[in-house]
Amino acid sequence: MRIGFLGTGEITAAMVRGLKGQGHRILVSPRNATVAATLAAEVPEVAIAPNEDLVANSDVVFLCLLARVAEEVLPGLPFRTGQSIISVMVDAPLATLRRLCAPATDIAITIPLPPITSGGCPLPVYPASPALDALFGAHNLILPQLSEAALNAHLGASALCSPILDQLLTAVDWLASHTDNPAAAEAYIAAMIRGYLPERAAAGDLSQALKKLSTEGGLNATLRAAMAPAKETLHHGLTAFHSRLGLDDPKGRT
Ligand SMILES: NC(=O)c1ccc[n+]([C@@H]2O[C@H](COP(=O)([O-])OP(=O)(O)OC[C@H]3O[C@@H](n4cnc5c(N)ncnc54)[C@H](OP(=O)(O)O)[C@@H]3O)[C@@H](O)[C@H]2O)c1
């Protein structure tokens, strides 16, 4: 497949590395110059092309710009009907993308995360995108959504990664302060948490795991009780996204 990435930054680098060795022809835009040069040197399928040429010569175009940059860059590029556009941009709703990428109509939004490089990345998408399925479906978890609001709710939930990692690092520091071995502390915490997370969880898997960690008076239950205010704080933080993500209907349906 002929694939183009508009905006060659962190998330493009992760996706391009995830597509390496699969026989695609990949064009990346010249900015960021360092990232583009690194990818071209590292991935044999990658070439650097000006934005116009990239759009004209790709069957699938990934939009990986900052949304405010997209408003300036996308109008005037030679999008066409029959071309698949997949946006990963935050704050660029479908209505805006349809305006900026006309006359293309096959436009979807997804939420890749940097671990997409090695596969196993959840990819919520709206509307369904056969192109995304074909490119990333074999090694990642494609999660089609029923509405743009449901997709946006996943965007809000994806922000959980940062505070959770922050908490894990707090525990790593505490552990290392007692062992004098920060590397081993980090290895322990990462492996321990990973062990509780199935790659493809079914409904109830997480609550089942939590139940097993709830012995009254045990260390787990004691620490969870001490951290109960964090649960309320998390709920408050997610709720604060509602207006930005168009989630005023609490069930995420519009
Ligand atoms: N990073 C993530 O984990 C992640 C995950 C999901 C979604 N996203 C979304 O993906 C988008 C990109 O995020 P990112 O983290 O990859 O940001 P980034 O590293 O800043 O990448 C954006 C890229 O756009 C380039 N650019 C600026 N003007 C351009 C132009 N006129 N033509 C072509 N490229 C241009 C920038 O180049 P210069 O450096 O030269 O300015 C930069 O390389 C954002 O909308 C973000 O919300 C990111």
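Read the numbers this way: they start at 1 and go in the same order the structure lists the ligands and their atoms.
The residue among R31, E10, M89 with a heavy atom at the shortest distance from atom 19 (O) of ligand 1 is E10.
Considering only non-hydrogen protein atoms, atom 24 (O) of ligand 1 sits nearest to G7 CA, 3.6 Å. For atom 39 (O) of ligand 1, the closest non-hydrogen atom of the protein is N32 ND2, 3.1 Å. Residue, atom and distance of the protein heavy atom nearest to atom 20 (O) of ligand 1 are L66 CD2, 4.4 Å. Atom 44 (C) of ligand 1 has its closest protein heavy atom at L65 O, 3.4 Å. Closest to atom 21 (O) of ligand 1 among all protein heavy atoms lies G9 CA, 3.3 Å. The nearest heavy-atom contact from the protein to atom 32 (N) of ligand 1 is N51 ND2, 3.0 Å.
Minimum interatomic distance between S58 and L27 (heavy atoms only, all atoms of both residues): OG-CD1, 4.2 Å.
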Worksheet entry | Trace of the salt bridge (Lys or Arg N to Asp or Glu O under 4.0 Å) decision for R99 with E71 | CA-CA 10 Å; R99 172 173 56 81; E71 284 279 354; 3.1 Å; yes

Practice prompt. List the steps and the verdict of side chain to side chain contact (heavy atoms under 4.5 Å, CB included) for S214 and R224.
Written response: CA-CA 9 Å; S214 300; R224 184 144 57 96; 2.8 Å; yes

Discussion item. Does V60 form a side chain to side chain contact (heavy atoms under 4.5 Å, CB included) with Q83? I'd like the steps, not just the answer.
Written reply: CA-CA 6 Å; V60 183; Q83 191 171 40; over 6 Å; no

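Proximity of V69 to ligand 1, defined as any heavy-atom pair under 4.0 Å, is confined to the side chain (atoms from C-beta onward).
For ligand 1, the atoms lying closer than 4.0 Å to a non-hydrogen atom of S29 are 33 (C), 34 (N). Against a heavy-atom cut-off of under 4.0 Å, C64 is close to the following atoms of ligand 1: 11 (C), 12 (C), 22 (C). Close approach to V88 involves these atoms of ligand 1, each under 4.0 Å from a residue heavy atom: 7 (C), 8 (N), 9 (C), 10 (O). Within ligand 1, counting atoms from 1 as listed, the ones closer than 4.0 Å to a heavy atom of V90 are 45 (O), 47 (O). For ligand 1, the atoms sitting less than 4.0 Å from at least one non-hydrogen atom of P114 are 3 (O), numbered in the order shown with element in parentheses. Remark: ligand 1 atoms within the under-4.0 Å shell around heavy atoms of P112 are 5 (C), 6 (C).
Salt bridge E199/R194: absent, no basic N to carboxylate O contact under 4.0 Å. Using a 4.0 Å cut-off between charged nitrogen and carboxylate oxygen, R68 and D91 do not count as a salt-bridge pair.
Within the 4.0 Å heavy-atom cutoff, T8 counts among the residues contacting ligand 1. Ligand 1 has no atom lying under 4.0 Å from any heavy atom of L6. Residue L113 places no heavy atom under 4.0 Å from ligand 1.
Only one option out of L245, I111, L143 pairs with L151 in a side-chain contact (heavy atoms from CB on, under 4.5 Å); it is I111.
To the nearest 0.5 Å, atom OG1 of residue T12 and atom CG of residue L63 are 9.5 Å apart. Expressed to the nearest 0.5 Å, how far CE of M15 lies from CG of L123 amounts to 9.0 Å.
Using the six-membered ring where Trp is involved, F62 and F5 have ring planes that are parallel, under 30° apart on the 30 and 60° scheme.
With hydrogens and angles left out, the side-chain atoms of R17 and S118 include no donor and acceptor closer than 3.5 Å.
Considering backbone and side-chain atoms alike, I11 places an N or O below 3.5 Å from some N or O of ligand 1. Not one N or O of V73 is nearer than 3.5 Å to an N or O of ligand 1, by distance alone.
Counting heavy atoms from C-beta outward, L39 and T8 have side chains that approach closer than 4.5 Å.
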